[in-house]
Participant: 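Below is the structure I would like to discuss, written out as structure tokens.
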2 protein chains.
Amino acid sequence: MAKKAHRRERREQSLSRDRIIAASIQLLDRRGERGLTFRALSERLATGSGAIYWHVANKNDLLTAACDALVVRTMNQTVVTTPKATIRAVALGLFDVIDEHPWVGSALTSALGLSPIVRILERIGQQIRALGVADDEQWAAVGTLMAYILGVSRQNAANRQLARARDLDRSDFLEEVSNAWSKLDPKEYPFVRSVVAQIRDHDDRVDFLAGIDLILMGIDSPRRRRRPRR
Amino acid sequence: MAKKAHRRERREQSLSRDRIIAASIQLLDRRGERGLTFRALSERLATGSGAIYWHVANKNDLLTAACDALVVRTMNQTVVTTPKATIRAVALGLFDVIDEHPWVGSALTSALGLSPIVRILERIGQQIRALGVADDEQWAAVGTLMAYILGVSRQNAANRQLARARDLDRSDFLEEVSNAWSKLDPKEYPFVRSVVAQIRDHDDRVDFLAGIDLILMGIDSPRRRRRPRR
DNA sequence: ACCTGAACACCGTTCAAGT
DNA sequence: ACCTGAACACCGTTCAAGT
């Protein structure tokens with residue numbers, strides 16, 4: 001008599017950091033942020049939960065690594081042309097990854113000085129330099145763009161997740177939001193009520209790029225008080 | 001013989017949503033995001049964990065409510081003067097609350113259409129209107145500012161938390177980041193390496209306001225191609 | 001109407017023990 | 001060196017039962 005009636009078939013590939021990260025991305029995509037679990041992961045990888053800790057420090061490390069993998073992929077996909085076009089491409093690339101993988105948005109906050117953020121800073125920074133922005137203003141410019149890109153992308157992703165959680169598609173969701181906003185007290189919320197119409201049929205990606213252009217315009221326009229003649 | 005040797009003294013005040021929210025804020029401030037627990041909360045409020053569910057739908061509801069309480073307070077504290085000054089004041093107010101209560105940053109993402117976000121949109125929107133921005137461009141302007149404010153504040157808060165977790169003060173933390181960045185490959189990371197010096201002695205609040213001004217400049221500057229003469 | 005607290009179905013992380 | 005899986009110390013949420 002065999003010791004175990006039906007032993008689990010052993011995984012064919014041996015465990016590795018990369019395989020763990022790939023499985024994590026799948027889990028996060030398919031089941032959301034709360035779907036990434038050491039139990040779910042070890043089941044999917046046909047291993048013990050403790051084995052994962054041999055390749056990965058902890059859950060946070062795992063999340064950052066998954067994030068970084070996607071950021072690297074995105075950066076490699078954007079072609080470098082003129083500075084402004086490149087900035088737009090990087091921005092849109094990040095917007096789209098976060099739209100597709102909403103968990104990237106929240107994970108990306110975690111640590112300045114950590115690789116995914118640094119990669120993005122570098123990419124944008126090089127373009128800001130190419131634009132001829134003064135040395136001592138480069139940091140502010142890059143920081144502003146960075147904050148904007150992550151800020152909008154994250155908010156967009158949050159909305160999508162909210163919609164998905166309630167089984168609504170994009171337009172149903174916007175419908176619901178604009179309905180809720182229409183019911184606000186017009187005395188207390190005149191502005192929000194006045195943009196209800198705009199909310200309903202706006203295009204997130206277009207708005208996003210409009211904001212980028214707004215910031216690029218600010219970067220380009222003369223600092224200080226008076227405008228130098230051209 | 002008494003049934004219980006030392007019965008727990010009963011709370012003097014009866015439970016209420018407000019008291020629960022106040023206690024949650026304290027817990028979040030003192031012990032961080034992971035310190036908000038129904039068990040910790042019920043102990044602090046001298047009640048059963050289930051009792052809290054009578055006043056609050058679930059943990060997410062609780063988090064949003066705590067968030068909203070602080071946003072309301074902040075909005076009430078900012079004085080309205082000129083449009084741009086008001087925008088700066090609102091922005092700085094939010095920056096500071098999030099700096100002081102880092103968990104507000106992450107909780108604020110959650111839901112468009114939910115009160116704290118709507119409150120902020122309204123406040124900024126009214127100023128954008130007062131600036132005379134065209135109707136169909138107001139939404140983009142407000143959205144950009146909003147994303148920027150939340151984006152930077154959140155990143156700042158994340159850094160502070162990271163520093164606190166490692167028992168470093170601000171300058172030690174920046175020291176560490178700039179050290180790490182100095183070690184990056186200069187061929188791969190020329191930009192990041194060139195701004196290492198700026199990172200070390202920059203003032204977050206000043207940079208933050210510089211970004212706001214950058215965006216306000218963009219909002220003010222003529223759209224389309226050509227500049228109208230003044 | 002409001003509160004209690006045990007019970008349920010989960011977590012991340014550790015670690016002695018195996019190969 | 002790498003893996004196993006039980007054990008530990010937690011979670012959020014529910015719910016019969018109490019007042």
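In what follows, chains are A, B, ... by sequence order, proteins preceding strands, each numbered from 1.
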Participant: Select from A:A40 and A:A57 the residue whose nearest nucleotide in DNA chain C is closer to the 5' end of that strand.
Facilitator: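 That would be A:A40.
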
Participant: Could you check how far NE2 of A:H55 sits from P of D:dA1, rounded to whole Å?
Facilitator: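 Distance, rounded to whole Å: 13 Å.
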
Participant: Counting any heavy atom closer than 4.0 Å, what does B:L36 reach on the DNA or RNA strands: base, sugar-phosphate only, or nothing?
Facilitator: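 Sugar-phosphate contact only.
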
Participant: Using whole Å, what does the distance between atom C1' of nucleotide C:dC15 and atom CD1 of A:I52 come to?
Facilitator: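 Result: 16 Å.
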
Participant: Just by modelled atom types, is the B:R19 backbone N or O under 3.5 Å from a matching donor or acceptor in the B:S16 side chain?
Facilitator: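 Yes, B:S16 side chain to B:R19 backbone: donor-acceptor pair under 3.5 Å.
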
Participant: Answer yes or no: is there a donor N or O on one side and an acceptor on the other, between the side chain of A:T78 and the main chain of A:M75, under 3.5 Å?
Facilitator: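 Such a contact is found between A:T78 side chain and A:M75 backbone.
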
Participant: Applying ring-ring contact (aromatic ring centres under 6.0 Å, His included), which residue pairs with at least one partner in residues 44-79 of chain A are found, sequence neighbours left out?
Facilitator: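 Counting only pairs at least two positions apart or across chains, the ring-ring contact (aromatic ring centres under 6.0 Å, His included) contacts touching residues 44-79 of chain A are A:F38-A:Y53.
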
Participant: When you measure from the side chain of A:F38, which nucleotide among C:dC2, D:dT14, C:dT13 comes out closest?
Facilitator: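 Comparing C:dC2, D:dT14, C:dT13 against the side chain of A:F38, the answer is C:dT13.
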
Participant: From CD of A:E43 over to P of C:dC10, roughly how many Å is that when rounded to an integer?
Facilitator: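 The distance from CD of A:E43 to P of C:dC10 comes to 12 Å, rounded to the nearest Å.
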
Participant: Rounded to whole Å, how long is the line connecting atom CZ of B:R34 with atom P of D:dC10?
Facilitator: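 My rounded result for the distance is 12 Å.
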
Participant: With rounding to the closest Å, how many angstrom separate the C1' atoms on C:dC2 and D:dA17?
Facilitator: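 Between the two C1' atoms, the distance is 13 Å.
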
Participant: In whole Å, what is the span from the CZ atom of B:R39 to the P atom of D:dC10?
Facilitator: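 Rounding to the nearest Å, CZ of B:R39 and P of D:dC10 are 10 Å apart.
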
Participant: Say you draw a straight line from CG of B:L184 to CZ of A:R119; how long is it, rounded to the nearest 0.5 Å?
Facilitator: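 Nearest 0.5 Å value for the CG-CZ distance: 10.0 Å.
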
Participant: Rounded off to whole Å, could you give me the CD1-to-P distance for the B:I20 and D:dG12 pair?
Facilitator: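 Roughly 14 Å, once rounded to whole Å.
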
Participant: Tell me: CZ of A:R31 to P of C:dC10, nearest whole Å?
Facilitator: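 A:R31 atom CZ is separated from C:dC10 atom P by 12 Å.
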
Participant: Answer yes or no: does a side-chain N or O of A:W54 lie under 4.0 Å from OP1 or OP2 of D:dC3?
Facilitator: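 A:W54 to D:dC3 OP1/OP2: no side-chain N or O under 4.0 Å.
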
Participant: In whole angstrom, give the distance that lies between atom CG of B:L41 and atom P of C:dC3.
Facilitator: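 Answer to the nearest Å: 13 Å.
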
Participant: Stepwise, does the side chain to side chain contact (heavy atoms under 4.5 Å, CB included) test hold for B:I98 with B:N156?
Facilitator: CA-CA 8 Å; B:I98 297 178; B:N156 180 61; over 6 Å; no

Participant: Taking the C1' atom of each, how far is C:dA16 from D:dC3, in whole Å?
Facilitator: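 C:dA16 and D:dC3 have their C1' atoms separated by 13 Å.
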
Participant: Whenever both distances are under 3.5 Å in a Watson-Crick or G-U wobble pair, mark it; put DNA chain C into dot-bracket that way, with [ ] for crossing pairs and | when the partner is on another strand.
Facilitator: ||.|||||...|||||.||

Participant: Of the options D:dT13, C:dC3, C:dT13, whose atoms approach the side-chain atoms of A:Y53 most closely?
Facilitator: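 Looking only at side-chain atoms, A:Y53 lies closest to C:dT13.
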
Participant: Under 4.0 angstrom, heavy atoms only, what part of the nucleic acid is A:S49 near: base, sugar-phosphate, or nothing?
Facilitator: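 Counting heavy atoms under 4.0 Å across all strands, the contact made by A:S49 includes a base.
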
Participant: With sequence neighbours excluded, what pairs up with A:D61 under the side-chain hydrogen bond (donor to acceptor under 3.5 Å, both in side chains) test?
Facilitator: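 In terms of side-chain hydrogen bond (donor to acceptor under 3.5 Å, both in side chains), with neighbours along the sequence ignored, A:D61 is linked to A:R17.
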
Participant: Name the closest nucleotide to the B:T37 side chain, picking from D:dG12, D:dT4, C:dC2.
Facilitator: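 For the B:T37 side chain, the nearest candidate turns out to be D:dG12.
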
Participant: Find the distance between CG (B:L145) and CD1 (B:I212) and round it off to the nearest 0.5 Å.
Facilitator: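 Result: 5.5 Å between the selected atoms.
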
